[in-house]
Amino acid sequence: MKVPVIPHQRLPELLRAMPKAELHIHIEGSLEPELIFALAERNHLTLPYASVEALRDAYAFTDLQSFLDIYYAGASVLLHEQDFYDMARAYLVRAAADNVVHAEIFFDPQTHTARGVPIEVVVNGLYRACADARTELGISASLILCFLRHLSEDDAFATLEQALPLQDKFIGVGLDSSEVGHPPEKFARVFARCRDLGLHLVAHAGEEGPPAYIWSALDVLKVERIDHGVQAVHDAQLMQRLAAERVALTVCPLSNQKLCVFPDLADHNLLQLLEAGLAVTVNSDDPAYFGGYLNDNFTQLFAAVPALNAKHAYQLAFNSLEASFVPQADKNAWQHQLKACFERFADHQG
Ligand SMILES: Nc1ncnc2[nH]cnc12
Ligand SMILES: [Zn+2]
């Protein structure tokens with residue numbers, strides 16, 4: 001599409017209005033401090049923080065691990081199916097308000113099964129929230145089961161076995177948690193098995209870890225998308241491959257800022273990746289911890305990087321729909337809506 005010229009001051013409104021997909025959101029990372037406290041009370045648990053404010057004040061991270069420690073602690077209030085439902089429902093309400101038409105939602109079963117919560121409690125609660133959101137909120141959503149890479153491949157296999165009776169309730173698998181020291185090839189066999197099962201495959205790679213992890217996510221795990229991938233800029237050959245194969249990167253600007261991957265949002269390399277022809281998308285990662293949902297990621301990034309314009313906005317939203325795991329007919333319908341949204345903005349300039 002030839003993207004119409006849209007004045008810079010109307011960009012925030014356009015970014016909020018455009019239909020888009022969110023492809024990188026950890027549902028446990030959408031757990032707001034208020035909901036953590038409400039669930040703790042409902043489940044008769046005592047938190048090591050005196051108040052919502054005290055908990056929020058602890059959200060000062062220096063790197064990925066410093067975040068993960070508090071993120072896993074926050075998830076410990078989730079015990080019952082309704083807790084998982086309420087968490088996912090709250091996210092889906094926020095996402096629908098951001099004009100997210102489709103979300104592919106990560107969940108970390110091992111975080112819960114290790115505490116004695118059965119996997120079906122986790123999956124059924126999340127799945128019911130997705131099903132209700134489709135009819136009640138008009139947002140499409142599906143689930144991606146993530147293996148925790150700081151645990152063993154045997155543990156991942158055991159989790160897959162537990163999840164198999166629920167296979168119709170998730171569309172794929174991913175790989176998350178502490179990246180450095182846990183390369184993708186550690187999970188080669190379990191990803192091969194998931195591939196045989198017909199599941200979609202994604203993995204976090206190149207968030208803090210080196211470009212070599214992106215190569216092995218592609219070549220060993222055979223993933224269809226790379227989560228984060230921002231370290232790819234350090235490897236020219238990898239950049240060429242990602243561009244040539246249109247491998248989508250699910251980039252998370254506010255996450256990268258809060259986890260000190262870049263010193264400042266203005267230093268983010270998303271524009272560089274986009275201009276090198278990579279299929280970049282914008283996502284929120286863990287919105288309750290990083291200070292913003294999807295539209296906040298778009299508007300804050302565009303405010304920090306003034307060279308980003310309406311053409312980039314269109315490309316980012318288009319990429320998100322294109323890289324989603326939905327039937328082509330759905331992509332076409334949403335991409336048509338996207339085009340109509342931009343034409344509406346162009347018409348209302350005068
Ligand atoms: N940004 C991130 N990187 C790796 N694992 C995660 N789990 C939740 N958020 C994550
Ligand atoms: Zn992530």
Side-chain angles (χ1 to χ4, degrees), residues 21-32 36 59-76 78 84 87-88 91 95 103-114 122 126 143-151 155-156 159 172-184 186-187 200-210 213-214 217 221 223-232 248-262 265 268 270 280-294 296-297 320 323:
E22 173 145 63
L23 306 178
H24 185 160
I25 155 79
H26 301 263
I27 201 63
E28 294 89 350
S30 73
L31 203 45
E32 292 286 345
I36 291 180
Y59 295 178
F61 313 115
T62 50
D63 58 10
L64 174 58
Q65 194 59 51
S66 66
F67 153 70
L68 290 171
D69 294 341
I70 204 161
Y71 158 85
Y72 293 130
S76 66
L78 297 157
F84 290 91
M87 170 174 64
Y91 163 71
E104 294 180 2
I105 300 175
F106 296 148
F107 67 106
D108 289 342
Q110 289 153 299
T111 300
H112 314 298
T113 53
V122 179
L126 298 177
L143 298 171
I144 295 180
L145 181 159
C146 285
F147 300 119
L148 297 180
R149 68 200 304 159
H150 68 273
L151 301 178
D155 209 312
T159 303
V173 298
L175 187 64
D176 64 2
S177 191
S178 321
E179 185 183 10
V180 174
H182 302 284
K186 180 177 164 187
F187 296 90
H200 285 292
L201 308 177
V202 298
H204 284 52
E207 177 183 15
E208 288 183 342
Y213 285 17
I214 302 176
L221 302 188
V223 300
E224 298 160 81
R225 297 193 301 243
I226 296 287
D227 296 315
H228 293 291
V230 291
Q231 303 301 333
L249 300 191
T250 63
V251 175
C252 307
L254 287 176
S255 164
N256 293 154
Q257 182 201 2
K258 294 290 172 358
L259 301 187
C260 308
V261 173
F262 299 98
L265 212 45
H268 201 287
L270 181 138
V280 179
T281 66
V282 169
N283 305 270
S284 70
D285 206 8
D286 301 284
Y289 291 89
F290 300 148
Y293 285 77
L294 190 52
D296 303 310
N297 273 271
S320 73

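Just so you know, these numbers come straight off a predicted model, no measurement behind them. Indexing begins at 1, ligand by ligand and atom by atom, following the structure's order. Along the sequence shown, the residues carry numbers beginning at 1.
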Can you find a non-hydrogen atom of Gly29 under 4.0 Å from ligand 1? no
Could you find the nearest protein heavy atom to [atom] and give me its residue, atom name and distance?
atom: atom 3 (N) of ligand 1; answer: Glu207 OE1, 2.7 Å
atom: atom 5 (N) of ligand 1; answer: Ser177 N, 2.8 Å
atom: atom 1 (N) of ligand 1; answer: Asp285 OD2, 2.7 Å
atom: atom 9 (N) of ligand 1; answer: Asp286 OD2, 2.6 Å

Between His182 and Phe187, is the ring centroid distance below 6.0 Å? no
Would you confirm whether the ring centroid of Phe290 sits within less than 6.0 angstrom of the ring centroid of Phe67? yes
Within a distance under 4.0 Å of any heavy atom of [X], pick out the atoms of ligand 1 and give their elements.
X: His26; result: 6 (C), 7 (N), 8 (C), 9 (N), 10 (C)
X: Leu68; result: 6 (C), 7 (N)
X: Phe67; result: 8 (C), 9 (N)
X: His228; result: 1 (N)

Looking at the Zn ion (ligand 2), is one of the N, O or S atoms of Cys252 less than 2.8 Å from it? no
With rounding to 10 degrees, Asp285 OD1, the Zn ion (ligand 2) and His26 NE2 define an angle of 90°
[atom1]/[X] to [atom2]/[Y] distance, rounded to the nearest 0.5 angstrom?
X: Leu148; Y: Thr159; atom1: CG; atom2: OG1; result: 8.0 Å
X: Asp296; Y: Ser284; atom1: CG; atom2: OG; result: 9.0 Å
X: Leu254; Y: Asn283; atom1: CG; atom2: CG; result: 11.5 Å

So Tyr71 and His26, would you call those rings parallel, tilted or perpendicular, with 30° and 60° as cut-offs? perpendicular
Taking the six-membered ring for Trp, are His204 and His24 parallel (under 30°), tilted (30 to 60°) or perpendicular (over 60°)? perpendicular
Give the contacting part of Asp108 toward ligand 1: side chain, backbone, both or neither, where contact means a heavy-atom distance below 4.0 Å. neither
Which bit of Glu28 gets closer than 4.0 Å to ligand 1, counting heavy atoms only: side chain, backbone, both or neither? neither
